[in-house]
Amino acid sequence: MSKDIPTRERSTRERGTYAGHNEDPTLASYLSSLFFLLSVPTFVAIAYGGAYMGYYGEGAIVPIFGGLLVFAICVAFAAMHFKR
């Protein structure tokens with residue numbers, strides 16, 4: 001695909017790890033996508049797993065899931081705030 005600014009060809013690893021242009025993905029963007037892709041299924045499994053193992057009743061599955069989601073969002077925002 002042609003670009004307006006000619007640049008040298010770089011490997012996929014180099015483009016992803018050492019991105020210096022806003023069109024190139026970065027390692028942080030890959031980790032962010034992986035976090036958001038895997039977090040919800042993991043939290044659902046934890047919430048149902050806790051009820052299955054008898055730690056709490058079935059009525060607590062949704063609040064446990066919500067708490068895990070809010071906690072994860074807070075951790076993600078804190079990580080973004082301190083990692084500048």
Side-chain angles (χ1 to χ4, degrees):
M1 177 164 58
S2 65
K3 292 183 174 184
D4 293 335
I5 302 170
T7 58
R8 68 177 179 85
E9 279 298 314
R10 294 180 286 172
S11 70
T12 304
R13 182 182 184 284
E14 187 181 7
R15 280 195 318 265
T17 308
Y18 309 108
H21 193 271
N22 68 356
E23 290 182 9
D24 295 336
T26 62
L27 182 60
S29 69
Y30 286 132
L31 292 176
S32 172
S33 297
L34 186 65
F35 171 74
F36 285 116
L37 180 68
L38 297 178
S39 64
V40 172
T42 302
F43 297 156
V44 169
I46 290 171
Y48 273 105
Y52 178 76
M53 295 176 77
Y55 291 126
Y56 44 83
E58 289 183 6
I61 292 175
V62 172
I64 295 291
F65 170 76
L68 288 169
L69 193 60
V70 168
F71 177 74
I73 290 171
C74 290
V75 168
F77 277 115
M80 288 188 293
H81 176 72
F82 291 114
K83 178 67 176 153
R84 284 202 256 168

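With values rounded to the nearest 0.5 angstrom, F43 atom CZ is found 10.0 Å from L38 atom CG.
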Donor-acceptor pairs under 3.5 angstrom involving side-chain atoms of residues 53-79: please list them, not counting sequence neighbours.
| unit_1 | atom_1 | unit_2 | atom_2 | d |
| --- | --- | --- | --- | --- |
| Y56 | OH | I46 | O | 3.4 |
| Y56 | OH | A47 | O | 2.7 |

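Shown here is Y48, whose OH atom has no more than 12 heavy atoms of other residues, nucleotides or ligands within 6.0 Å.
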